[in-house]
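Some notes on the structure that comes next.
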Amino acid sequence: MAKVQKIKGFADLFPEEAAKYTFMESCARKVFSRYGFGELRTPILEKTELFQKSIGEDTDVVGKEMFTFPDRKDRSLTMRPEATAGVVRAFIESKTHQPGLISKFFTFGPMFRYERPQKGRQRQFHQINAEVFGAPEGQADAELILMLTSFLNRIGLKSLTVELNSLGCHECRPAYKQALVDYYKSKDKANFCEDCRRRMETNPLRVLDCKVPTCKELVKDAPLITDHLCADCETHFADVRTILDGAGVTYTLNPRLVRGLDYYVRTCFEVTSLDIGSQTSVAGGGRYDGLIQSLDGPDCPGTGFACGMERLALLLGERELPGPDFYLAVVDDAAANEAMLFAQALRDKGLTGEVSFSGGSMKSRMRAANKSGAKTCLILGGAELADKTITVKDMAGDKDQETLDRAAYLAGL
């Protein structure tokens, strides 16, 4: 029988790598709570129609990348490819929205997309998301970007670029879409890639986001959305920029920036890094007014962002795991049970550490203590067992080891 191995695109995170994710989550909780955000946990599995209705059936995510399957009652289920749709579904289902009430949530967790695995991109990947419901103002978008940059600075990332754009609204975008379609018609359609030829009819803005060099060259002179914004969208976008300018956030206006999901309107943004190769985006988001209502919820505006944790982890580099406080070396089998109880008493005092489960030579036990990285090695053998003592060796300093009464040692902690 063939050996069972992990699925392609699904990674195991051992303690050294998992520590980066724990660190990011801890920093996010500290930073986001300062802005009034609370944590929300949503299911990994959702009904497929949730993503079809929210993300859009003509997007690559829905058309090509979702893990979708029937359950035992032949209902179509999908492993979530992104977090926002599930958060919106939970918000609607909770029936907690009231006019004028602003709700702020953040989430962590795995997402799933069937893509070609590469550096910083897996088929199971992890995101940090933040969502704001009930605030139509540009100030809410600006606050999100400030919070995102504060979080990225908190985890130690400095050399990042914020790209900013406005995608217009449901009032001014139709005219811009028509201007794009007219521009595309002036070009030889055969020169565009297969995806872009389809997008010209279904989602003309997405052609601007194509990474194929020939397509990028063909659209370099395409009309700009910023030349087609209505007065309300211009004011909204100006508010965002004014706040970012006042806060000293450096950003680049990118009129070609679009998002890969259909629900975005007005503000959109990405944070990029040149330190992880061609896949430069580490975070992105924007406004999605209308999404909640399209999922049969209230007419409630929304805005948010997502951070790709795998890509952030590449920028963090190696993180040193904190060593344990003690290693309890058992050098006599007769002392094994007492050692376990003493180790538990140490942990009850708030210390961290390991204990060998059986006796062994002093040499092998000291080797294990060194490998553990413990600050202190505690030695328990036959003599210590009889005398109710413990031998203490400072692994970091030059102090000689000393033998102390066990009860007194615990009392002194």
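Predicted model only: the values in this text are computed from it and were never measured.
- The existence of a salt bridge linking R406 and E384 is excluded, since no basic side-chain nitrogen approaches an acidic carboxylate oxygen closer than 4.0 Å.
- Here E217 pairs with K220 in a salt bridge; the nearest charged N to carboxylate O distance falls below 4.0 Å.
- Salt-bridge annotation for E39 and R41: present, with a side-chain N of the basic residue lying under 4.0 Å from a carboxylate O of the acidic one.
- For an aromatic pair to be called close, the ring centres must be under 6.0 Å apart, and F37 with F105 fails this.
- In this structure, R197 fails the cation-pi test against F192, since its NZ or CZ atom is not both closer than 6.0 Å to the six-membered ring centre and inside 45 degrees of the ring normal.
- Considering only heavy atoms from C-beta on, F125 stays 4.5 Å or farther from M309 through its side chain.
- For H97 and F133, the distance between ring centers is not under 6.0 angstrom.
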Quiz item: Where do Y251 and D245 land on the side chain to side chain donor-acceptor pair (under 3.5 Å) test, with the steps shown first?
Solution: CA-CA 9 Å; Y251 59 87; D245 290 338; 2.9 Å; yes
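- Between R89 and E49 there is no salt bridge, since no side-chain N of the basic residue sits under 4.0 Å from a carboxylate O of the acidic one.
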Exercise. Tell me, with the steps shown, if D333 and S358 meet side chain to side chain donor-acceptor pair (under 3.5 Å).
Key: CA-CA 5 Å; D333 282 339; S358 60; 4.6 Å; no
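- Classification of D296 and K53 as a salt-bridged pair holds, one side-chain N sitting under 4.0 Å from a carboxylate O.
- When side chains are defined from C-beta on, V271 does not count as touching L157, because their heavy atoms never get closer than 4.5 Å.
- Using the six-membered ring where Trp is involved, Y176 and H228 have ring planes that are tilted, between 30° and 60° apart.
- A salt bridge links K20 with E17: the distance from a Lys NZ or Arg NE/NH1/NH2 to an Asp or Glu carboxylate oxygen falls below 4.0 Å.
- The ring of F106 has its center closer than 6.0 angstrom to the ring center of F108.
- Counting heavy-atom neighbours within 6.0 Å of F69 CZ, excluding the residue itself, gives a total above 12.
- Of the residues K189, R206, K185, K177, the one that meets the salt bridge (charged side-chain N to carboxylate O under 4.0 Å, His left out) test with E201 is K189.
- Using cut-offs of 30° and 60° for the angle between ring planes, the F67 and F10 rings count as perpendicular.
- Atoms CG and CZ, from L164 and R241 in turn, are 7.5 Å apart once rounded to the nearest 0.5 Å.
- Closest heavy-atom contact between E131 and T84: OE2-OG1, 2.9 Å.
- K73 and D71 are not joined by a salt bridge, as no carboxylate oxygen comes within less than 4.0 angstrom of a charged side-chain nitrogen.
- Annotation: cation-pi geometry not satisfied between R29 and F32 (NZ/CZ under 6.0 angstrom from ring centroid, within 45° of ring axis).
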Self-check item: Steps toward side chain to side chain contact (heavy atoms under 4.5 Å, CB included) verdict (F269, D141)
Solution: CA-CA 10 Å; F269 55 90; D141 300 341; 5.7 Å; no
Practice problem: May I have the step-by-step check of salt bridge (charged side-chain N to carboxylate O under 4.0 Å, His left out) for D325 and K349, ending in yes or no? | Solution: CA-CA 11 Å; D325 294 309; K349 289 280 190 176; over 6 Å; no
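- Nearest heavy-atom pair, S76 versus T68, reported as atom, atom and distance to 0.1 Å: OG-CG2, 3.3 Å.
- Every residue meeting the salt bridge (charged side-chain N to carboxylate O under 4.0 Å, His left out) condition with E115, not counting sequence neighbours, appears here in chain and number order: R121.
- A salt bridge does not link R116 to E65: none of the charged side-chain nitrogens sits closer than 4.0 Å to a carboxylate oxygen.
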